Amino acid sequence: MTSMTFKGMDIVSIRDLTIDQIEQVLDLSEKMMPYATGEKKCKALDGKILANLFFEPSTRTRLSFESAMSRAGGKCIEITLPQTSSTVKGETLADTIRMVEAYSDAIVLRHPHEGASRLAAHFSSKPVINAGDGAGQHPTQTLLDLFTIKQQLGGISGKNVVLVGDLKYGRTVHSLAEALAMFGAELTFVAPPLLQMPNETAKLLESEGVKARLCSNLEDVIADADVLYVTRIQKERFPDLSEYEKVAGCYRIDNILLREAKKSLVIMHPLPRVDEIAPEVDMTENAKYFQQAFNGVPVRMALLTMILGGF
Ligand code: CP
């Protein structure tokens, strides 16, 4: 398979990519490192325009797509304040997409509704990249998560990855769990019963022969973890705030907990964090979440150049 098979592809779900294609993105991401830091110059996307449409707040995803596009010689146009777009006049997402595709070469969409990127891909002849659709998926976050695990541990297969926090509403863990299963990682899901991994994801994994360990007590599993992937409780997605209050602050990673962990434990978080990782952990060798956030630049450079035909 050559990288040309990427040209023009939509990336809505992590399952839009085969394991070979994911490996190609990760390999190219490694090569993009000196370009992502600005150490070397890259013109792979000279003349290309990326439309960033963000109908939900974002720091990392939006800015790392922008940075990736600039570092590769391309440009971005954007909607980042939906109230300044014609959405407020009642324009549908389908019509917005039909206009934006005429102004750009690819569209990145973050939207509060699950399925919005699939709909956008249906109406766009240009590639659509899902930057998070409600509690659905966040496939480019998954690519940078996989890249970070490989970078830190040398591989993914056989590693025990503990996903902890809001596994119900957290979209990053939905796409990551599916990808980790494809790569043969061992999965442990730690959440209060109210926030466990949705049945459809758990069933999908089981149908592929992956049986995740489920529990609610992090202390019971921390000693065996190779990767601890921490997530924020997604307050904004709770239909009933009294339910949120019941689980707010239920996990907190601190140096006392880490005494039980392997010395080589890799702690990741898609960020933003609220209170689930104590600031004291930032100073440990285990904390890799800021490196993980930076990795969004080389990984998105790699993906964009492959989709837009720069490589
Ligand atoms: N990880 C992530 O999606 O962060 P942002 O919401 O800041 O984009």
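Read the numbers this way: they start at 1 and go in the same order the structure lists the ligands and their atoms. All values derive from a computational prediction rather than experimental measurement.
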* Asked: Is there any N or O on Q141 that sits under 3.5 Å from an N or O of ligand 1?
  ->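 It does: an N or O of Q141 is found under 3.5 Å from an N or O of ligand 1.
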
* Asked: Does any N/O atom on P272 come nearer than 3.5 Å to any N/O atom on ligand 1?
  ->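 Min N/O separation from ligand 1 is not below 3.5 Å for P272.
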
Taking [atom] as the reference point, the nearest protein heavy atom with its distance:
atom	value
atom 6 (O) of ligand 1	R110 NH1, 2.8 Å
atom 1 (N) of ligand 1	P270 O, 2.8 Å
atom 7 (O) of ligand 1	T59 N, 2.8 Å
atom 4 (O) of ligand 1	R60 NE, 3.1 Å

Just by distance, with hydrogens left out, do [X] and [Y] show a side-chain donor and acceptor under 3.5 Å apart?
X	Y	answer
T18	D20	no
T172	Q141	no
E101	S125	yes

* **Within 45° cone and under 6.0 Å: R110 NZ/CZ vs F54 ring** => no

* **R300: which of T61, L143, L50 passes side-chain contact (heavy atoms from CB on, under 4.5 Å)** => T61

* Atoms of ligand 1 less than 4.0 Å from H138 heavy atoms? ->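 Heavy-atom distances to H138 below 4.0 Å select 3 (O).
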
* Y251: partners by ring-ring contact (aromatic ring centres under 6.0 Å, His included), with sequence neighbours left out ->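 Y251 satisfies ring-ring contact (aromatic ring centres under 6.0 Å, His included) with no other residue.
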
* Examine the proximity of ligand 1 to L271 and report which part, side chain or backbone, both or neither, has a heavy atom under 4.0 Å away. => backbone

